[in-house]
Number of protein chains: 2
Amino acid sequence: MRPTTKDLAKEAGVSLATVDRVLNGRPGVRNKTVEAVNAAIEKIGFVRNLSAANLAKGKQYRFRFMLPAHGDQFLGELRARIDEANQGLGVEGMVLSHQEVSHSDPHLIAETLSQIGPDKVDGVALMAPESPQVRDAALRLKERGVHVVHLISGKQQAGDFDFVGIDNQSAGATAARLLGRFNCRKEGKVVVIAETMNARDSLERRKGFDMVLTRDYPHLSALPSLETYGDPRRTRDVIANVLRNNADVVGVYIMSSEAKPALDALAAESDPQSLIVVAHELTSRTRDALMSGEADALIAQNPGHLVRSAVRLLRAHCDNRSVVKSQEVIRIEILIKENLSV
Amino acid sequence: MRPTTKDLAKEAGVSLATVDRVLNGRPGVRNKTVEAVNAAIEKIGFVRNLSAANLAKGKQYRFRFMLPAHGDQFLGELRARIDEANQGLGVEGMVLSHQEVSHSDPHLIAETLSQIGPDKVDGVALMAPESPQVRDAALRLKERGVHVVHLISGKQQAGDFDFVGIDNQSAGATAARLLGRFNCRKEGKVVVIAETMNARDSLERRKGFDMVLTRDYPHLSALPSLETYGDPRRTRDVIANVLRNNADVVGVYIMSSEAKPALDALAAESDPQSLIVVAHELTSRTRDALMSGEADALIAQNPGHLVRSAVRLLRAHCDNRSVVKSQEVIRIEILIKENLSV
DNA sequence: TTGAAAGCGCTAACAA
DNA sequence: TTGTTAGCGCTTTCAA
């Protein structure tokens, strides 16, 4: 049997209460006693039973996903996975929720974050574009004792917070490689479509894309990124325009995670079957596109994995545990017709 | 607060013990009482606290992975992921172990399974080729009260056991599509290399492969599958031989999950850079091959996901819970140089 | 600065 | 067929 706090107390020659105080780093214990307990922990190889601790504390882990208010397809998937995970995780004493906030104004996001406290929530998975306001609000949230991880948006380099999501530069590079290889040495232009180039995500995707395309496929030249601002009408206009002005377009890279407007516009303004089209994320629309030949490949991050990874990280933070980092890397998935599965 | 067994007992007008008996389906309760308790459960929306139950029972979930004794690369990965998961899962009261057994003799596998009982293990994730002996042994294991899921090998169609792994026919189809698209309409032959064609996995991969290749790439013709029996020497011989007899080989599909022998042989007997090579699974050798250009794409199942999914399924079986099936689908990953990540 | 004792939600003898 | 009670490993008053 694994040693318990009782064994530990006996070994250290102190009471259960003192053991508990040491284990939880509570004050009011003599330094010497602390050392004695720690020595005993080493000696008998004590490991805490967190379930029992949570039971005694009556503790639940309450995690909140902060998501953008706009965007229906990919975000719908994400919300569905959160709800799904919530079902399964209830067993383990975790409660997930999600809250929507418009991404148009950083102040609004910061304001929303400032309303959250440790009384309501133990951790937040924050999907929001980088900005000083949000950064500050997140830091203050952390100070108030609410754990934070960044989700999908924001920078992945180790900063103040863990990051859950794909490496966007590699994602862009992957898109370029697929476009290049699928295209078979035909010369021409490549259209790049983004919602906005103000977000770090888009910039990094573009950077990775250009790097591979210019180095390995000099016969392909990528046009300047088109910005759609998520507006279907504008999307159609810019796409119609670029196709009118460039007769030799051979490929399209749809960079934004909501690909529907661009795919719809392409279908209306051209014959996408004759173009190599690479888009992001698996949604009902991109799935259809793949099946119909409108799109040739998708670059995706699995929303289920995103959710579970965020939860594992938040949980680890709450318990003051470390995680196996390699287990939390979100893979850049390449999806074609054949490996869609289900 | 969530209602507890106490609330439930009060509501149903019975004692805690009776509530417990009903919750656990134990005998010795009048039908009428059972109904009363069930009604109360509905009424107050009672959900069981499994952690508390496990604590009271002193229960640990002990899961055993049964793996083939041979195979170093992919299996090494798998074992590493099991050990890794074991670290993290200890917190939740689960203990993972793995046991190796030679795949050469179905009787030996069956024999090994027959030694396992509910005293040692609560669930088994079984990786073994299909055979009547193994099937029987697994069924008897289940009867003895040990939960079983099939891992990687075996049939994925809903049978007596859950299956954790990729759809092999789709995997083969994916390989063919990549070979076809990467090859750019050059005519020629495709070499297919397997460990053995006696395993269902290989047959299904080949089936999916041929389906796509013959339908969509008639200018490519796949040669009969070469069997290596996992022997490096033989591997080299058959590959040297096939290359000698076919001047117009343009692509290679390495079907087995241990790709190293075939990759090594290809490197020795040809210029793999000029061939389109698709292999299975991400290992140190296939990773190198991707980076060096020896291989153009990998079809992979993520060993970490395999392990965690198997654990979730076994755990759900133990608790008599249902799982979200869509969450347990193992994706067929396409890996190229750019999306290797880490 | 320390300890004794009650209790978290559930299970399992034992008694009735 | 049902209930009483002690206890799982840990936390948390309250008292010393």
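A note on names: the letters A, B, ... follow the listed sequences, proteins ahead of strands, and every chain is numbered from 1.
Whole-Å rounding puts the B:Lys10 NZ to D:dG3 P distance at 15 Å. C:dC8 atom P lies 11 Å from atom CG of B:Asp7, rounded to whole Å. If you take CG of A:Asn54 and P of D:dT12, they are 11 Å apart, rounded to a whole angstrom. If you measure from atom CG of A:Asn49 to atom P of C:dC8, you get 18 Å, rounded to the nearest angstrom. The separation between A:Ile41 atom CD1 and D:dG9 atom C1' is 14 Å, rounded to whole Å. Computed from coordinates, the A:Asp20 CG to D:dT12 P distance equals 7 Å when rounded to whole Å. In this structure, NZ of A:Lys57 is placed 6 Å from P of D:dT12, rounded to the nearest angstrom.
Within 6.0 Å of atom NZ in B:Lys120, more than 12 heavy atoms from other residues, nucleotides or ligands are found, so the atom counts as buried in its surroundings. By the neighbour-count criterion of 12 heavy atoms within 6.0 Å, atom NZ of B:Lys59 is densely surrounded, having more than that number from other residues, nucleotides or ligands.
The shortest distance between the side-chain N/O atoms of A:Thr5 and the OP1/OP2 oxygens of D:dG9 is not below 4.0 Å. Residue A:Arg26 has a polar side-chain atom (N or O) positioned under 4.0 Å from OP1 or OP2 of D:dT12. For the OP1/OP2 pair of C:dG3 and a distance below 4.0 Å, the side-chain nitrogens and oxygens of A:Thr18 include at least one atom meeting the criterion. Taking side-chain N and O atoms only, A:Asn24 has a distance below 4.0 Å to OP1 or OP2 of D:dT11. Contact check, B:Lys59 against D:dC8: no side-chain N or O comes under 4.0 Å of OP1 or OP2.
With C:dG9, C:dC10, D:dC10 as the candidates, the nucleotide lying closest to the side chain of B:Leu55 is C:dG9. Residue B:Arg21 has its side chain nearest to D:dG3 when only D:dG9, D:dT11, D:dG3 are considered. Each of C:dC8, D:dG3, C:dA12 was ranked by its minimum atom distance to the side chain of A:Ala56; first place goes to C:dC8.
Remark: side-chain polar atoms of A:Arg140 are not paired, donor with acceptor, to backbone N or O of A:Leu113 under 3.5 angstrom. Judged by distance alone, the side chain of A:Gln133 and the main-chain N or O of A:Ala110 form no donor-acceptor pair under 3.5 Å. A donor-acceptor pair under 3.5 Å is absent between the side-chain atoms of A:Asn54 and the main chain of A:Ser51, judged by distance alone. Remark: the backbone N or O of A:Arg26 is not paired with any side-chain donor or acceptor of A:Asn24 at under 3.5 angstrom.
Nearest-nucleotide positions on DNA chain D place A:Lys6 closer to the 5' end than the other of A:Leu23 and A:Lys6.
At the heavy-atom level, B:Val14 lies under 4.0 Å from the strands shown only through sugar-phosphate atoms. Counting any heavy atom pair closer than 4.0 Å across all strands shown, A:Ala17 reaches a base atom.
Using the six-membered ring where Trp is involved, A:His150 and A:Phe161 have ring planes that are perpendicular, over 60° apart on the 30 and 60° scheme.
A heavy-atom distance below 4.0 Å to DNA chain C is reached by these residues of residues 28-39 of chain A, ordered by number: A:Gly28, A:Val29, A:Arg30, A:Thr33.
With axes fitted over five pairs at each extremity, the angle between the ends of the helix from C:dT1-D:dA16 to C:dA16-D:dT1 is 40° (10° resolution).
Counting distance only, with no hydrogens placed and no angle test, the side-chain atoms of A:Arg2 and the base atoms of D:dG9 include no donor-acceptor pair under 3.5 Å.
Taking 4.0 Å as the cut-off between side-chain N and carboxylate O, B:Lys32 and B:Glu35 do not count as a salt-bridged pair.
Using a 4.5 Å heavy-atom threshold, the side chains of A:Val149 and A:Ser309 count as separate.
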Chi angles and distances behind the side chain to side chain contact (heavy atoms under 4.5 Å, CB included) call for A:His317, A:Asp162: CA-CA 10 Å; A:His317 277 134; A:Asp162 278 335; 3.0 Å; yes
